[in-house]
Visitor: 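Sharing a structure with you now.
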Amino acid sequence: MDQYCVMGNPVEHSRSPRIHARFAELCGQPMAYGRRLVPIGAFAEGIAAFRSEAAAQGDTARGCNVTVPFKFDAAALAQHTSERATLAQAVNTLRFETDGSIHADNTDGIGLVNDIVRNAGVPLAGRSLLLIGAGGAAAGVLGPLLDAGATHVVVANRTLDKAIALVQRHAALALRHGATLEAWALDEVPGAFDVVVNATASSLAGDAVPVSAQVLRPGALAVDMMYGPAAAGFMAWAEAHGAVARDGLGMLVEQAAEAFEFWRGVHPPSAQVLAELRASLAAGA
């Protein structure tokens with residue numbers, strides 16, 4: 001049996017096993033997927049243990065998803081890294097090859113784009129977009145947002161230097177697409193935007209939304225990369241100011257679908273699984 005898992009710390013809350021089990025069922029793929037709690041500072045050891053334990057069971061470890069705080073460790077461990085993961089300098093998906101090498105990708109950004117464009121039905125081409133935050137989550141999505149055709153993108157962060165560094169790393173990509181890309185401090189963001197993406201940990205911490213409601217155009221799409229109760233505050237703020245609010249559950253499913261295809265060569269029916277998951281969560285399951 002081919003084995004996969006999600007590695008993180010903490011990891012017990014992850015819905016990835018449920019999502020991938022459903023993908024495998026719908027696509028007829030023989031695989032198992034679990035959770036693995038990895039001690040801080042021991043990511044490489046965690047990978048080695050996963051592979052050796054699978055082999056001891058007569059199975060083969062084929063890959064893993066990577067969540068906080070190991071996305072930078074995963075990038076350093078891989079021998080081959082996709083262009084988007086290289087640009088992000090962070091990795092959320094590893095594939096283990098038969099020659100022992102590790103291939104890395106970051107599917108967070110394309111997952112976000114697919115959820116916005118396909119599931120929410122909001123085109124990004126020609127739109128203005130505000131990305132709040134400049135950490136690993138923001139780094140993982142900025143490239144694909146530019147690839148999707150957003151023509152004016154602002155990265156806003158509490159520490160301006162981090163936003164500037166992220167913008168500078170993506171400057172060539174923005175130029176290639178003819179997009180305007182800027183960095184601003186949170187309290188100095190100019191203008192209003194068609195799409196606002198919250199990539200900070202403010203929702204998780206229960207903090208106030210870190211930008212003014214003036215950044216929202218009437219009817220703007222406001223997306224929090226968190227989902228469930230963690231996203232409730234941001235979504236309520238967005239709706240109270242005339243925006244259409246969306247949580248990160250669709251991004252979670254869509255990034256998982258991209259990882260599944262990276263591993264198995266088959267793209268699963270992500271929209272169906274997202275609908276099932278939303279219904280299940282609404283029912284309290």
Side-chain angles (χ1 to χ4, degrees), residues 68-69 71-72 74-76 81-92 104-117 122-204 207 209-217 220-226 234 238 243 246 248 251 255:
V68 292
K71 292 186 178 184
F72 300 110
T81 306
S82 70
E83 182 180 358
R84 60 193 180 195
T86 299
L87 193 57
Q89 295 183 358
V91 159
N92 78 332
D105 196 7
N106 190 315
T107 65
D108 285 334
I110 190 62
L112 175 63
V113 167
N114 287 346
D115 183 55
I116 291 173
V117 175
V122 176
L124 288 170
R127 299 298 182 94
S128 62
L129 186 145
L130 172 64
L131 180 61
I132 308 171
V141 303
L142 180 54
L145 289 168
L146 289 166
D147 285 334
T151 51
H152 178 215
V153 179
V154 168
V155 178
N157 194 58
R158 195 175 308 279
T159 304
L160 180 58
D161 287 348
K162 289 188 67 176
I164 291 172
L166 184 59
V167 162
Q168 289 176 339
R169 198 159 78 236
H170 288 76
L173 181 62
L175 182 63
R176 190 190 315 165
H177 288 297
T180 302
L181 179 59
E182 303 174 292
W184 288 85
L186 287 173
D187 57 355
E188 297 178 352
V189 177
F193 299 83
D194 300 312
V195 179
V196 175
V197 177
N198 184 22
T200 73
S202 61
S203 296
L204 195 61
D207 295 338
V209 176
V211 292
S212 162
Q214 293 178 350
V215 303
L216 297 168
R217 282 186 177 158
L221 177 67
V223 182
D224 196 311
M225 289 172 62
M226 300 294 179
F234 180 86
R246 188 168 183 85
M251 174 185 170
Q255 67 79 22

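Values reported hereafter were calculated over all heavy atoms of this structure, with side chains retained and with hydrogens, waters and symmetry mates removed.
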Visitor: Write down the atom of R169, the atom of L87, and the distance for their closest heavy-atom approach.
Guide: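 Minimum heavy-atom separation between R169 and L87: NE-O, 2.8 Å.
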Visitor: Would you please name every residue forming a side chain to side chain donor-acceptor pair (under 3.5 Å) with S82, sequence neighbours left out?
Guide: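 Once residues adjacent in sequence are excluded, the partners of S82 under the side chain to side chain donor-acceptor pair (under 3.5 Å) criterion are D105.
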Visitor: Give the intermediate values and the outcome of side-chain contact (heavy atoms from CB on, under 4.5 Å) for residues R127 and V122.
Guide: CA-CA 10 Å; R127 299 298 182 94; V122 176; 3.9 Å; yes
Visitor: Just verifying a value: how many Å separate M225 CE and T200 OG1, rounded to the nearest 0.5 Å?
Guide: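 Going from CE on M225 over to OG1 on T200, the span is 10.0 Å.
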Visitor: Locate the shortest heavy-atom distance separating A150 from V153; write the atom from each residue and the value.
Guide: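 The pair with the smallest heavy-atom distance is CB-CG2, 3.7 Å.
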Visitor: For the atom pair CD (E83) and CG (L173), what is the distance rounded to the nearest 0.5 Å?
Guide: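 So the CD of E83 and the CG of L173 are separated by 7.5 Å.
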Visitor: Please report the interatomic distance NE2(H170) to CG(L181), rounded to the nearest 0.5 Å.
Guide: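 Reported value, rounded in 0.5 Å steps: 8.0 Å.
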Visitor: So which atom in A137 and which in A199 form the shortest heavy-atom distance, rounded to 0.1 Å?
Guide: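 Heavy atoms only, the tightest pair is CB-O, 3.7 Å.
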Visitor: Once you round to the nearest 0.5 Å, how far does CD1 of I164 lie from CD of E182?
Guide: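 So the CD1 of I164 and the CD of E182 are separated by 11.5 Å.
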Visitor: Strictly distance-based, threshold 3.5 Å: is any side-chain N or O of T180 a donor or acceptor partner for the main-chain N or O of H152?
Guide: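 The answer is no, because no donor-acceptor pair under 3.5 Å joins these two groups.
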Visitor: Between L130 and A156, which heavy-atom pair has the shortest distance, and what is it?
Guide: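 For L130 and A156, the tightest heavy-atom pair comes out as CD1-CB, 3.9 Å.
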Visitor: Is the backbone of V223 close enough, under 3.5 Å, to the side chain of R246 for a donor and an acceptor to pair up by distance?
Guide: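 A pair under 3.5 Å: no.
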Visitor: Could you pull out the closest heavy-atom pair between V91 and A85, with the gap in Å?
Guide: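 Between these two residues, the closest heavy atoms are CG2-CB, 3.9 Å.
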Visitor: Search all heavy atoms of A134 against all heavy atoms of N157 and return the closest pair with its distance.
Guide: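 What the structure gives for the nearest pair is N-OD1, 3.1 Å.
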Visitor: Under 3.5 Å, is there a donor-acceptor pair between the side chain of N92 and the main chain of T107?
Guide: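 Present.
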Visitor: Nearest 0.5 Å, please: how far is CG in N106 from CD in Q89?
Guide: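 Answer rounded to 0.5 Å: 11.5 Å.
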Visitor: Could you please spell out the steps behind the side-chain contact (heavy atoms from CB on, under 4.5 Å) verdict for N198 and V209?
Guide: CA-CA 9 Å; N198 184 22; V209 176; over 6 Å; no
Visitor: Please list every donor-acceptor pair under 3.5 Å in which a side-chain atom of residues 184-194 meets a protein atom from a residue at least two apart or in another chain.
Guide:
residue	atom	partner	partner atom	Å
D194	OD1	R217	NH1	2.9
D194	OD2	S128	N	2.9
D194	OD2	S128	OG	3.2
D194	OD2	R217	NH1	3.4

Visitor: List, one per line, each side-chain donor-acceptor pair under 3.5 Å for residues 138-148, sequence neighbours excluded.
Guide:
residue	atom	partner	partner atom	Å
D147	OD1	H177	NE2	2.7

